[in-house]
Amino acid sequence: MNQIKIGNFIAARRKAHGMTQSQLAEKLGITDKAVSKWETGKSMPDLSLFNPLCDLLEITLNELLLGEFISEDNLKEKSNQVLFEVITSWLGKDQWEYPTQFNNPHNVLKLQNLKKVYNTENTSTLAVNNVSLEVSKGSFIGIMGASGSGKSTLLNMIATIDKATSGIIEISGQNIAEISDEDLSAFRREHLGFIFQEYNLLDTLTIYENIALALTIKQSPKERVKHTIYELAEKLEISDVLSKFPYEVSGGQRQRCACARAIAVNPSLILADEPTGALDSHSAKQLLETLVMFRRDYSAKILMVTHDAFSASYCDKILFMQDGEIKAVLDREEENKHTFFANILDVMARLTEGGPYVL
Ligand code: ADP
Ligand code: MG
């Protein structure tokens, strides 16, 4: 990666758009000095500024990182070359270890009387009603419920995407309502991993780079990044697609890439909203086995929303939601998956009939 070349390119593009350094700085909400440093090759823009900068200069991310325009003909070759180099040369050199899971005395997640009311013009919906919950040790928890029962609302509040109307959410002992809006994205990066139905992978990055990006943002040392990615890729059986782009691989492989990205940064909690929703049954099974492996081998704590009993049967504990409330809790004892599956169906049937619920 040639910083001087990139600097010259930024300067040229800025001038082509008739902007001064201060005008560009103002648009990006940074100091003039920062822009001047980029343009003289003394520093690189912060990762969070890549996309806005590319938009303003009307260039692609690949072009920014290469420091020149890329023609359609050699787009793929150039982007592969550039991005691989960028991602692997970006990081520092210190050893980076998985922090131990055991030195935090706090619950990973604690919910107390959580409530969410959506007020629209003439209706008010009680989407989540008085939910309390504690997740302390490595566990894979499922939230089940029919469509509209409040599952996503609950997950989005925990994900700090949506704010609670009342009640308390603590993640690793921290009351998330007390975190300022500016600090929230850093908090999410530090503590949460996300796996959603839509894959949320960046199309312009390869599978390798998508996973690496999460580690880069978290400032993991370079040596560690490569090692972590290869190790995870092997476990998730995506080693031979690491250099491909998301559109070149199957839905199952994309989703396993999202899993690798979520676990790679060793988050306090992994949140998954209908992660198997868009997968065929074979890929769904593989994904669920991946989550079980994360829980076993990486002590991951996972909260997964699903409306499907088969997916839920992989969990250790299931909370059944109806009309925004947790109506039943089912713990997996020593029984095998089939028995657990039968028990899940049983609770679901009781819920539809209106109780009583055996807890
Ligand atoms: P689930 O994920 O279980 O299908 P949701 O959490 O999406 O359920 O929705 C719970 C209830 O809250 C539903 O009645 C839904 O219509 C309502 N709801 C969800 N999001 C909003 C919103 N942004 N504004 C208004 N109502 C909403
Ligand atoms: Mg939902």
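Just so you know, residue 1 is the first one in the sequence shown, and it goes up from there. All values below were derived from every heavy atom in this structure, side-chain atoms included, with hydrogens, water molecules and symmetry-related copies excluded.
Here the CG-CG distance, from L184 to L192, works out to 10.0 Å after rounding to the nearest 0.5 Å. To the nearest 0.5 Å, atom CZ of residue F187 and atom CD of residue E178 are 11.0 Å apart. Atom-to-atom distance recorded for T31:OG1 and K37:NZ is 8.0 Å, nearest 0.5 angstrom. Atom CD in E289 sits 10.5 Å away from atom CE in M293 (nearest 0.5 Å). If you take CE on M348 and CZ on F320, they are separated by 7.5 Å, rounding to the nearest 0.5 Å. Rounding to the nearest 0.5 Å gives a distance of 9.0 Å between NZ of K235 and CZ of F294.
Within the 4.5 Å cutoff, the side chain of F340 has heavy atoms near those of the L330 side chain. No side-chain heavy atom of V329 sits under 4.5 Å from any side-chain heavy atom of L133. Side-chain contact between R261 and L201 is present, with heavy atoms from C-beta onward closer than 4.5 Å. In this structure the side chain of L232 reaches within 4.5 angstrom of the side chain of Y298, judged on heavy atoms. Within the 4.5 Å cutoff, side-chain heavy atoms of W38 are placed close to those of I30. In this structure, the side chains of L154 and L111 come closer than 4.5 Å at one or more pairs of heavy atoms. Side-chain contact between I211 and C257 is present, with at least one heavy-atom pair separated by less than 4.5 Å. Side chains of L319 and V131 form no contact here, defined as non-hydrogen atoms less than 4.5 Å apart.
The pair R332-D316 does not meet the salt-bridge criterion, since no charged nitrogen lies less than 4.0 angstrom from a carboxylate oxygen. Look at K27 and D55 and you find no salt bridge, because none of the NZ, NE, NH1 or NH2 atoms lies under 4.0 Å from a carboxylate O. Taking the charged nitrogens against the carboxylate oxygens, R14 and E39 do have a contact shorter than 4.0 Å, which makes a salt bridge. Looking at R256 and E237, no side-chain N of the basic residue comes within less than 4.0 Å of a carboxylate O on the acidic one, giving no salt bridge.
Shown here for T206 and S243, the closest heavy-atom pair between the two residues is CG2-O, 3.4 Å. Residues S268 and S172 come closest through the heavy atom pair OG-OG, 3.3 Å. The shortest heavy-atom contact between N210 and L205 is ND2-O, 3.2 Å. In this structure, A312 and I344 approach most closely via the heavy-atom pair C-CD1, 3.9 Å. Closest non-hydrogen pair, S124 versus V117, comes out as OG-CG1, 3.4 Å. Between L65 and I6, the closest heavy-atom pair is O-CD1, 3.3 Å.
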Practice prompt. Give the intermediate values and the outcome of side chain to side chain contact (heavy atoms under 4.5 Å, CB included) for residues V292 and L288.
Written response: CA-CA 6 Å; V292 171; L288 292 159; 5.7 Å; no
Worksheet item: Can you check side-chain hydrogen bond (donor to acceptor under 3.5 Å, both in side chains) on Q21 and D32, steps first, answer last?
Response: CA-CA 6 Å; Q21 286 189 341; D32 301 8; over 6 Å; no
Worksheet entry | CA sep, side-chain torsions, deciding dist, call: I229, L215, side chain to side chain contact (heavy atoms under 4.5 Å, CB included) | CA-CA 9 Å; I229 295 175; L215 288 157; 4.0 Å; yes
Fill in: Test log, rule side chain to side chain contact (heavy atoms under 4.5 Å, CB included), inputs Q255 and I195
CA-CA 8 Å; Q255 199 57 317; I195 305 167; 4.0 Å; yes
Practice prompt. Take T160 and I169 through the side chain to side chain contact (heavy atoms under 4.5 Å, CB included) test and state the conclusion after the steps.
Written response: CA-CA 9 Å; T160 73; I169 303 174; over 6 Å; no
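In terms of hydrophobic clustering, with Ile, Leu, Val, Met, Phe, Trp and Tyr side chains grouped at heavy-atom distances under 4.5 Å, I179 and L271 are assigned to a common cluster. In the hydrophobic cluster analysis, where Ile, Leu, Val, Met, Phe, Trp and Tyr join through side-chain heavy atoms closer than 4.5 angstrom, L126 is grouped apart from I158. Hydrophobic clustering (ILVMFWY, side-chain heavy atoms < 4.5 Å, transitive): I326 and I168 are in distinct clusters. Residues M157 and Y118 do not share a hydrophobic cluster, defined by chaining ILVMFWY side chains whose heavy atoms lie under 4.5 Å apart.
Looking only at distances, a side-chain donor or acceptor of N2 sits under 3.5 Å from a matching main-chain atom of I4. Judged by distance alone, the side chain of E63 and the main-chain N or O of I70 form a donor-acceptor pair under 3.5 Å. Between the S139 side chain and the I141 main chain, no donor and acceptor come within less than 3.5 Å of each other.
Between Y247 and F245, the ring-plane angle classifies as parallel under the 30° and 60° cut-offs. In this pair, Y208 and Y230 present their aromatic rings tilted. The plane angle is within the 30 to 60° band.
The environment of E248 atom CD is dense: over 12 non-hydrogen atoms of other residues, nucleotides or ligands sit within 6.0 angstrom. Open room surrounds NZ on K244; 12 or fewer heavy atoms of other groups in view lie less than 6.0 Å from it. Heavy-atom neighbours of K42 NZ from other residues, nucleotides or ligands within 6.0 Å: at or below the threshold of 12.
The side chain to side chain contact (heavy atoms under 4.5 Å, CB included) check on T20 picks up S22, Q23, with sequence neighbours excluded.
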Show which side-chain atoms of residues 272-285 pair as donor or acceptor with protein atoms under 3.5 Å away, not counting sequence neighbours.
| residue | atom | partner | partner atom | Å |
| --- | --- | --- | --- | --- |
| D273 | OD2 | S152 | OG | 2.9 |
| E274 | OE1 | H307 | ND1 | 3.1 |
| E274 | OE2 | H307 | ND1 | 2.9 |
| T276 | OG1 | S311 | OG | 3.3 |
| D280 | OD1 | H282 | N | 3.0 |
| D280 | OD1 | S283 | N | 3.0 |
| D280 | OD1 | S283 | OG | 3.3 |
| D280 | OD2 | S283 | OG | 3.0 |

Please tabulate, for the side chains in residues 144-151, all donor-acceptor contacts under 3.5 angstrom to protein atoms that are two or more places apart in sequence or on a different chain.
| residue | atom | partner | partner atom | Å |
| --- | --- | --- | --- | --- |
| S149 | OG | A146 | O | 2.7 |
| K151 | NZ | G145 | O | 2.8 |
| K151 | NZ | A146 | O | 2.9 |

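Checking N62 against T60 by side-chain atom types alone, no donor-acceptor pair falls below 3.5 Å.
When each of D162, T153, T165 is paired with K116, the side-chain hydrogen bond (donor to acceptor under 3.5 Å, both in side chains) condition holds for D162 and for no other.
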